[in-house]
There are 2 protein chains.
Amino acid sequence: MSKVNLKKLASELSVSISTVSKALKDSHEIGQETKHKVLSKARELGYKPNPYATYMRNLKSKTIAIVIPEMTNNFFLQVINGAESIAREKDYHLLVYITHEDAQKEIDIINHLQNGRVDGILMSLSSTTTDFTHLHECINNKIPIIFFDRICHEIETVKIITDDFASGFAATEHLIQNGCRNIAYLSISKNLSIDNKRMQGYLEALDKHNMKPENRKIVKCSHDPKSNYREIKKLLSGPVKVDGIFASIEELALATYSVCKDLAIKIPQKLKVICFSNLITADFLNPPLTTITQPANEMGIAAASQLFKYLDKKGGEMSNENIIIKSALTVRGSAGA
Amino acid sequence: MSKVNLKKLASELSVSISTVSKALKDSHEIGQETKHKVLSKARELGYKPNPYATYMRNLKSKTIAIVIPEMTNNFFLQVINGAESIAREKDYHLLVYITHEDAQKEIDIINHLQNGRVDGILMSLSSTTTDFTHLHECINNKIPIIFFDRICHEIETVKIITDDFASGFAATEHLIQNGCRNIAYLSISKNLSIDNKRMQGYLEALDKHNMKPENRKIVKCSHDPKSNYREIKKLLSGPVKVDGIFASIEELALATYSVCKDLAIKIPQKLKVICFSNLITADFLNPPLTTITQPANEMGIAAASQLFKYLDKKGGEMSNENIIIKSALTVRGSAGA
DNA sequence: TATATTTACGAAAACGTAGTAGTAAAAAAA
DNA sequence: TTTTTTTACTACTACGTTTTCGTAAATATA
């Protein structure tokens, strides 16, 4: 079962390699009869062109990468799903890399993608990334990056985001309209664009309703579940009065649920909770979780589509635009009726 | 910013391509001084070897693929996470493909991987796959496949599974011990090894406790949420008495929750529910969902590790063994205390 | 001093594909 | 009939890397 390549086909058919290659490409230079012979022999032996050799000729890898910070979050799962479907449609291949929120891993991964392995990258930043040299280098090497969700403002490229500010505003206002007067914001990382925007929405909503923001009500969380639990517990059992929580990501809402369970705080009676989330189980939680649902699948599709749009018109410049796909507020039980 | 390759380095340094290549590989054939010059120039220009050209020389793609049926399930998410971590460790790259439970897509994907693109494949079967020609062909082409979870018995290779039979038995017995006398099994697909094993465990537990299996209590579900909802609703509102449900996968347990919500059937008072699941929110559901939790991350790690074990001793034969990683029954509320 | 060995490099081939250029033979046009 | 065009093929090269082989010069050995 030795590998069947053009040379093998050629020798089997007693023609030249060029003839086989051209016949398979349906070139006009090859006669009908020969084409048929080549095609049927290729089928018979199960010839599949070697992708790496093909790359060597036309320097197109037909491969893109998606770099995400973690896999515990439903959002990224759905983005991958969307991106994969577009890649498949375009007959491209999708490499997946997880940075685990580690800036060094992100740098290593990006560096590994510098020499032709991929034609482009879809990416959401790690929360610990503060230096963007590796990304600039990537752009210098003419490898396009499309950001989604956690974008890098410094890089001029297409960015797929949701309306974080407006949604943060809406989420906070929803809590206010349901009676909350002391709303805490659970932040995930200062470094992240999404966190800043969501918090700005939160602050703007407070301001509109004449509520003063308090630093004590802005809890800096991380990706360590235990420390998040501690911080939220400290908030909810401490001196600061809190009757509403706006969690920037779903992990923090679940941590809140966990704390409330342990402290016997009733949601939504004593505490109303709302968060950005793509949990499929939001409806079945106790109580059902009111969420800002990001169009994750659509964002994956948009990111991949934008990348292919650029790759297809291969001469052009990458435009520097934000593509905004709106999130939806889904009222369930956790923030009151 | 033209691509920096060996040729470019060589001309910059006025040495031959061979010298540069060997210097970068720290060959003894190259003098210390030259090595230093080459290395520093390589760093200066940011040389990264082209992976496809490297492939052309040693015919190792340093890439593996993971082929999964869907992305809506937390199990596969965690498997990818585990597999990616091992791949990263080995400096390999991971391609992700989703069959969307479509046999034809599975065939297309496997065919696309036939000529060298990957060194090996991790795979979980689509539920609609009944013919395994494409997989046999893969093995014939010397591309190793490691199956996990949804395995293919026909192919002689390493398979990573959980103790589906024992867990199915334990799940059913747990329901029985909590008072259920009329237990239904929600099946996902006749084609799947896991479904059969889990159902056998279910039947064995019924038998042990002198309960007769009834076809009416075995509900054939699919991957269509709406039809699943209908089928489960039919079961729970029909003439067949049912006081316990064992769902083979988490989607079916959630569908059951949905039906119970709409029919106002109290879980666990009127109906006890248990299922195979990797939901991170199981604890927060209403009621908390008692689950058989598969060691998904470990299975991903095991699958990738086994593949690399084979790839590393590249001469050998692939062994035909089942590696079983046990699942754990986590008692929460949905199946009674 | 003459010969053997080691050191440090370069030339070239190969991996599989795809395209350019070249060329006999056949067909069409003059 | 001669010339031009078309048809249908082959030879060869390049993509970037790695490695084998070859070889001068330097060094060690006899």
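Fair warning: this is a prediction, and the values are worked out from it, not measured in the lab. Every chain is numbered from 1 and lettered A, B, ... according to where its sequence line falls, protein lines coming before strand lines.
Straight-line distance from the NE2 atom of B/His28 to the P atom of C/dT5: 17 Å, rounded to whole Å. Atom C1' of nucleotide C/dG16 and atom CD of B/Gln114 are separated by 17 Å, given to the nearest angstrom. Spacing between atom CG of B/Leu6 and atom P of C/dA13 amounts to 18 Å, rounded to whole angstrom units. Between B/Ile17 atom CD1 and D/dG16 atom P the separation is 10 Å, expressed in whole Å. At whole-Å resolution of the value, NZ in B/Lys60 and P in D/dG16 are 23 Å apart. Taking atom NZ on A/Lys7 and atom C1' on C/dG16, their separation rounds to 9 Å, with Å as the unit. For A/Tyr55 and C/dG19, the OH to C1' distance is 18 Å, given to the nearest whole Å. Distance B/Met56 CE to D/dT18 P: 13 Å, rounded to the nearest Å.
Residues B/Gly31 and B/Arg57 each lie close to DNA chain C; by heavy-atom proximity, the contact nearer the 5' end of the strand is made by B/Gly31. Checking B/Gln32 against B/Leu59, the closest nucleotide of DNA chain C that is more toward the 5' end is the one next to B/Gln32. Nearer the 5' end of DNA chain D, as judged by each residue's closest nucleotide, is the contact made by B/Tyr52, out of B/Lys22 and B/Tyr52.
Among the protein residues, A/Thr54 comes within range of the sugar-phosphate backbone only, with heavy atoms under 4.0 Å from sugar or phosphate atoms but none that close to a base.
Between A/Tyr47 and C/dT17, a side-chain N or O to OP1/OP2 separation shorter than 4.0 Å is present. Dashed line: the shortest gap from a side-chain N or O of A/Thr34 to OP1 or OP2 of D/dC9 is under 4.0 Å. For the pair B/Lys8 and D/dG16, the criterion of a side-chain N or O lying under 4.0 Å from OP1 or OP2 is not met.
The existence of a salt bridge linking A/Lys60 and A/Asp119 is excluded, since no basic side-chain nitrogen approaches an acidic carboxylate oxygen closer than 4.0 Å. Salt bridge status for A/Lys159 with A/Glu321: absent, with no side-chain N to carboxylate O gap under 4.0 Å. Taking the charged nitrogens against the carboxylate oxygens, A/Asp312 and A/Lys90 do have a contact shorter than 4.0 Å, which makes a salt bridge. We find that B/Arg150 and B/Glu101 are joined by a salt bridge, their nearest charged nitrogen and carboxylate oxygen being less than 4.0 Å apart.
When distances are taken from the side chain of B/Asn50 to each of C/dC9, D/dG16, C/dT17, the shortest belongs to D/dG16.
The shortest non-hydrogen separation linking B/Leu192 to B/Leu125 is CD2-O, 4.1 Å.
A donor-acceptor contact under 3.5 Å links the side chain of A/Ser18 to the base of D/dA11. On a pure distance criterion of 3.5 Å, no polar donor-acceptor pair joins the side chain of B/Lys25 and the base of D/dT19.
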